[in-house]
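Per chain, numbering begins at 1; letters A, B, ... match sequence-line order. Both backbone and side-chain heavy atoms feed into the values below; hydrogens, waters and symmetry mates do not.
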Amino acid sequence: VSVLDGIAQGFAVAADPVNLLYVFLGVLIGTVIGVLPGLGPTATIALLLPITYGVAPTTAVIMLAGIYYGSMYGGTITSVLLRLPGEAASVVTTFDGYEMTRQGRAGTALGISAIGSFIGGTVAVVGMTVLALPLAEAAVRFGPPEYVALALLGILLVTYLGTRHPIKSLSMAVLGLLLATVGQDPIAGTARFTLDSTALLDGLDFVAVAMGLFGVGEILHNLETEGKLQRVTATITNIWPGRKDLRDSSGAIARGSVLGFLIGVLPGGGGMISSLASYAVEKRRAKDPSRFGRGAIEGVAGPETANNGSSTSSFIPLLTLGIPSNVVLALIYGALLIQGITPGPLLVQEHPDVFWGVIASMYIGNVMLLALNIPLVGVFVQLLRIRTGILAAFAVLVTMVGVYSIDNDPFDMWIVLVFGIVGWLMKKTGFEPGPLVLAFVLGPLLEDSFRQSMLLSDGSLGIFVQRPLSGALFGLMAAVVVFGVVSSRVRRRRNAVRTPTNVGSA
Amino acid sequence: LVVDAMKLKRAVVAVVAVSVLALSACAQVGSNAGGGAYPSRTIELIIPYGAGGGTDLSARILADQLKVALGQEVVVRNVGGGGGAVGLTEVFRAKPDGYTLGIGTGTNMTVLPNTTEVAYKPNDFAFVGGFLEWQYALLTNRATPVNSVEELQAWAATPGNRVISSETGGLGIQTLGVAFLASKLGFTYDVVPSESGNESSLRLLAGDANVSVSSPATNATGLASGDIKPVVVMSPSWPELEQKGVRTTQDLYGFSLINRNVLIAPPGTPDDVMQKLEAALKSAMADPGVQKKINDLGNPATFLSGADAKRENEELLTTYGALIDQIGLS
């Protein structure tokens, strides 16, 4: 009953015309910066922070939150159309989303992403309304050993993503982990593989690496095979996902919603692990996993749903415990502190208008995003009608500007170009950038948590099985590996009986 | 219906185009050629830590008000890494024309130079002035039966108990605090390093660690609920805790941790520029709105003149250097 009272009060706050305007501004800005490769929610929110000093606290957070989950919608667009993932969470979307574009189904891919994002976001808001308080308590128990388990699970899933050659994906994942060690040692602070350059002290920037490998690499490849893409995309017909598409993706969206919501609650857990997990689940459940990486709609619907769900539920630890789980939320935390409000367990009692107002605004924001994005799908798809040469030049320009804007560091632009050439060579030799980039993001999480765990346990590996949560996670992982090996053996044997030439994949 | 859809599309394109233009205009860093009286163009303020932390947020509030006082844009740039040394190095090497400023902290101005080889000389910077002083206390969690230094000493000496300190990565002012107490009270301890102040407080709250030298900003929630408890105040003062009868290390041992955030300029910045900057800092700090916003982040806003800030820094650099040698941290 108190939840109902609260949410009713929240809607009263969120429906205030000024707040409505700020929700709209937030989601609009979020969509735009999501579309622009490189320019992400962190830089935008940091830039807009002074504007929030002058408005009411609820209004400020409503807008900043809108930018954050709005950018998740926008990030999909370039991943699908140009194979340019704007942030880690949408790397997975490039696998099947871009394939769908090549098959002339860009509109369907974007449409299903918008619908999935809406459902994922809404489910997470409902979950947050009902479960915020008990879940937050559980999330605190997630310490370094649990993160080791989570990161290992992520890397296990990464290698499983490899669509064609497991050995090639595995080697790319290893390369990704190695690249992640460039920069300062996270604990001792000593420089590693920096070649005495101060520019490398902070390590390689994820966005620059991803933009290079995926975007620039793909552009170079396209220019080489000039015009091919052009003919394929000239046949775009259906913008709305058809009945069959909706039926095919409904399961993926349902599972993605739950996964995204649960993973987002963990402090430091993030959009990327949720989209990765969702992709792996869908591929595992599919009757024909070989469709994945070749334009399977579930491979777009699931991860896009999950990353939106997680960006919403990541507000739970902030609003209920006062723990921001990433840099974007740390900035929102700061915006609240500056207004004299301390997020934490007492927030619901002391400032119910803030707590419930922000939650209610998310319902409204998600509806606005759906209304905003469905018509935009048609507009963005028109981008593909631009001649390849012009589109390629424009995409590179926008990428360079975006990457420069992260740290105002020209060095990052060189990284984009170097990794662009690497990405082009990988494409020619059949290596995939996906496992590399995902392992690159998971590397620091794995290293930090592992070393923290070792410091906590005084060097004993027992800590991973003695703690109930991490023990359970490691048990689950062992089960997944055993099940995977056994079932692929069985399938291989069956396939071998039916079609002697087919070699099982997984 | 088709026409409507087209119109809608056009409208949406227009809206997006305008938003993009507006955003890029906001983000634009003006760089019209100098000349004339200082300041005649955009000033860059380098924050040597990542976005979202206490130093970052307070510096952003300050930058916003300096803009008013100086009549020019003050653009903030985060240059993290090396415990705050990477960003300071950049300030140290910048052209001393008043268009590049930086934020110095207790960690990168008084501790790091004593423990690691840094590429700058802290006392050579031109000091505009101090604007924020951090409050510190040694904190513990609910599960640890310790409420004072005496109880900490007894608890740490009991076999089976292991003191684990939660710290932010690198050797900073907090490291110095724990190390000082450990040498005074004769206990040994292990460290769990974290990426940020928030994560470090979470480790203490979750019970992975049982002590942490930390500040009000990231512990307000825990202190209010009693999940986090103070043991001893380690900054010169922390009035809310002292009112509850918590002792200070200043009283007990004549020692306290001073971590002042200072606005600094590259060595050799001309005097007339420094005078303008100090006047601007002073007037920004006199603004009640700025004071309130900085105070609300958890640590008190206090103005200190450039000359006093420089003198204090010289003293602390020596005092901490001697302490670090004595307890063998370096």
N/O donor-acceptor pair under 3.5 Å between B/Arg162 side chain and A/Leu456 backbone:
yes

Using 0.5 Å steps for rounding, measure from the [atom1] atom of [X] to the [atom2] atom of [Y].
X	Y	atom1	atom2	result
A/Asp458	B/Ile164	CG	CD1	8.5 Å
B/Lys292	A/Tyr53	NZ	OH	13.0 Å
A/Leu47	B/Arg60	CG	CZ	8.0 Å

If you take all heavy atoms of [X] and [Y], which pair is closest and at what distance?
X	Y	answer
A/Leu455	B/Pro193	CD1-CD, 3.4 Å
B/Asp208	A/Pro144	OD2-CD, 3.5 Å
A/Thr342	B/Ala220	CG2-CB, 3.9 Å
B/Lys293	A/Ile338	CG-CG2, 3.4 Å

Contacting moiety of [X], where chain A heavy atoms sit under 4.5 Å:
X	value
B/Ile294	neither
B/Ala224	side chain
B/Val191	backbone
B/Glu199	side chain
B/Asp56	side chain

Applying side-chain contact (heavy atoms from CB on, under 4.5 Å) to A/Tyr333 and B/Leu57, what does each step give before you reach the verdict?
CA-CA 10 Å; A/Tyr333 178 68; B/Leu57 291 164; 5.8 Å; no

